[in-house]
**Q** 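Got a structure here, written out as structure tokens. Questions coming.
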Amino acid sequence: MKISILTVGKLKEKYFTQAVAEYAKRMSKYCTLEILEVADEKTPDQASDKAEQQIRDKEGQRLMRLIRDDAFCIALAIQGEMLDSEELSKKIENLTVRGVSHIQFVIGGSLGLSDQVLERADYHLSFSRMTFPHQLMRVILLEQIYRAFRISRNEPYHK
């Protein structure tokens, strides 16, 4: 199984970088992991709705270049379906049974994902109705994917 994390922006804080590296190391026995970053756009203070849409569209175009036709694309979106850890594990397991060998998770920038990316996605996943910083979301996503692999193999995990 190949897991790709497509994300807007780079990690800036050392503690996020260390957490991502730790989960990447843990996940290496379950899958091939790649993290692909695209540049984020600067959002001016008090940007208009139109300006925010243009920013999402620019970031979305960059993400769309990375989304592969042969991959199952999961967009992280507040409006998506909320799953618990066991349900996410089952979702990944079911995709594997269906013959999916590459899953791409897409994390938007500070303004979210463009309509184009959301329309292309095969599935919308929500972790909460709350908004999380996209750098933190990368860590949370990796932890949940790691947990999903452990659950599917009946390995211990913290509840």
Side-chain angles (χ1 to χ4, degrees), residues 1-13 16-17 19-21 23-24 27 30-85 87-149:
M1 169 67 67
K2 181 175 182 177
I3 301 287
S4 299
I5 311 296
L6 313 181
T7 184
V8 174
K10 295 189 178 299
L11 291 179
K12 296 178 178 104
E13 287 82 5
F16 286 137
T17 305
V20 166
Y23 282 109
M27 289 172 60
Y30 303 109
C31 67
T32 301
L33 175 69
E34 72 175 345
I35 298 173
L36 303 171
E37 300 171 334
V38 299
D40 57 344
E41 293 289 315
K42 300 295 178 221
T43 304
D45 291 339
Q46 300 176 348
S48 68
D49 290 344
K50 183 178 178 180
E52 287 185 359
Q53 185 64 47
Q54 289 172 335
I55 290 167
R56 275 192 300 276
D57 288 345
K58 283 182 185 177
E59 292 172 346
Q61 289 169 3
R62 293 178 189 132
L63 289 167
M64 288 297 292
R65 289 186 204 115
L66 300 176
I67 297 174
R68 297 178 47 105
D69 290 337
D70 62 345
F72 189 87
C73 180
I74 299 177
L76 274 59
I78 289 174
Q79 311 83 357
E81 185 175 357
M82 284 191 223
L83 303 176
D84 64 24
S85 297
E87 291 168 330
L88 178 61
S89 177
K90 189 56 92 179
K91 177 88 175 161
I92 292 171
E93 199 174 308
N94 288 341
L95 288 170
T96 303
V97 168
R98 285 184 18 210
V100 172
S101 61
H102 187 186
I103 301 172
Q104 292 185 306
F105 291 88
V106 185
I107 303 171
S110 60
L111 299 175
L113 291 168
S114 71
D115 292 339
Q116 185 181 21
V117 172
L118 291 170
E119 288 168 14
R120 163 53 186 93
D122 299 301
Y123 184 74
H124 295 175
L125 176 64
S126 176
F127 278 74
S128 171
R129 289 194 327 249
M130 292 184 225
T131 302
F132 296 103
H134 57 281
Q135 294 182 38
L136 177 60
M137 195 64 236
R138 191 183 312 190
V139 176
I140 294 170
L141 174 61
L142 288 171
E143 190 280 333
Q144 285 298 303
I145 296 170
Y146 170 70
R147 184 179 297 261
F149 281 121

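All of these numbers come straight from a predicted model, not from anything done at the bench. If you read the sequence from its start, that first residue is 1, and numbering goes on from there.
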**Q** I would like to know whether H102 and S4 meet side chain to side chain contact (heavy atoms under 4.5 Å, CB included); could you show each step before the answer?
**A** CA-CA 8 Å; H102 187 186; S4 299; 2.7 Å; yes
**Q** If you look at every heavy atom in R56 and L111, which pair is closest and at what distance?
**A** CD-O, 3.2 Å
**Q** Which distance, rounded to the nearest 0.5 Å, do you find between the CZ of R147 and the OG of S89?
**A** 11.0 Å
**Q** Any chance you could measure F132, atom CZ, to I78, atom CD1, to the nearest 0.5 Å?
**A** 9.0 Å
**Q** To the nearest 0.5 Å, tell me how far I145 CD1 sits from F149 CZ.
**A**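 Atom-to-atom, I145:CD1 and F149:CZ are 7.0 Å apart.
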**Q** For A77 versus S126, what's the shortest heavy-atom pair and its separation?
**A** O-CB, 3.1 Å
**Q** Where is the tightest heavy-atom contact between D122 and A71, given as atom of each residue plus distance?
**A**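 Minimum heavy-atom contact is OD2-O, 3.6 Å.
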**Q** Pick from L63, L113, L76: which one makes a side-chain contact (heavy atoms from CB on, under 4.5 Å) with I107?
**A**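 Of the listed options, the one satisfying the test is L76.
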**Q** For S85 and Q144, does a side-chain donor sit closer than 3.5 Å to a side-chain acceptor?
**A** yes
**Q** Please find the pair of heavy atoms, one from V139 and one from A19, that lie closest to each other, and give the distance.
**A** CG1-CB, 3.8 Å
**Q** Between K91 and E81, is the closest basic N to carboxylate O distance under 4.0 Å?
**A**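 No, this pair does not count.
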**Q** Apply side chain to side chain contact (heavy atoms under 4.5 Å, CB included) to the pair R62 and E59, showing each step before the final yes or no.
**A** CA-CA 5 Å; R62 293 178 189 132; E59 292 172 346; 4.2 Å; yes
**Q** Just do the side chain to side chain contact (heavy atoms under 4.5 Å, CB included) check on Q54 and E41 with the steps written out, would you?
**A** CA-CA 10 Å; Q54 289 172 335; E41 293 289 315; over 6 Å; no
**Q** Let me confirm one number: the CZ-CG distance from R120 to L118, rounded to the nearest 0.5 Å.
**A**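 So the CZ of R120 and the CG of L118 are separated by 12.0 Å.
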**Q** For M1 versus T96, what's the shortest heavy-atom pair and its separation?
**A**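 The answer is CE-OG1, 3.0 Å.
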**Q** Kindly say whether K58 contributes a backbone atom to a donor-acceptor pair with the side chain of Q61 at under 3.5 angstrom?
**A**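 No, the answer is negative, given that no donor and acceptor are paired below the 3.5 Å cut-off.
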**Q** Any chance you could lay out the side chain to side chain contact (heavy atoms under 4.5 Å, CB included) test for S110 and D40, step after step, and finish with the verdict?
**A** CA-CA 9 Å; S110 60; D40 57 344; over 6 Å; no
**Q** What distance do R68 atom CZ and L6 atom CG have between them, rounded to the nearest 0.5 Å?
**A** 11.0 Å
**Q** Quick check: do T7 and L141 have side-chain heavy atoms less than 4.5 Å from each other?
**A**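 When only atoms from C-beta onward are counted, L141 and T7 do not touch, as no gap falls below 4.5 Å.
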**Q** Under the 3.5 angstrom rule, does the side chain of Q135 hit a backbone N or O of G9 as a donor-acceptor pair?
**A**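 No, the answer is negative, given that no donor and acceptor are paired below the 3.5 Å cut-off.
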**Q** With a 3.5 Å distance limit and no angle check, can you tell me whether H124 reaches the backbone of Q79 through a side-chain donor-acceptor pair?
**A**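 No, the answer is negative, given that no donor and acceptor are paired below the 3.5 Å cut-off.
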**Q** Any luck finding a side-chain donor-acceptor pair between D49 and Q53 under 3.5 Å?
**A**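 The answer is no; no qualifying pair exists.
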**Q** Could you tell me the separation between the CD1 atom of I74 and the CD1 atom of I5, rounded to the nearest 0.5 Å?
**A** 9.5 Å
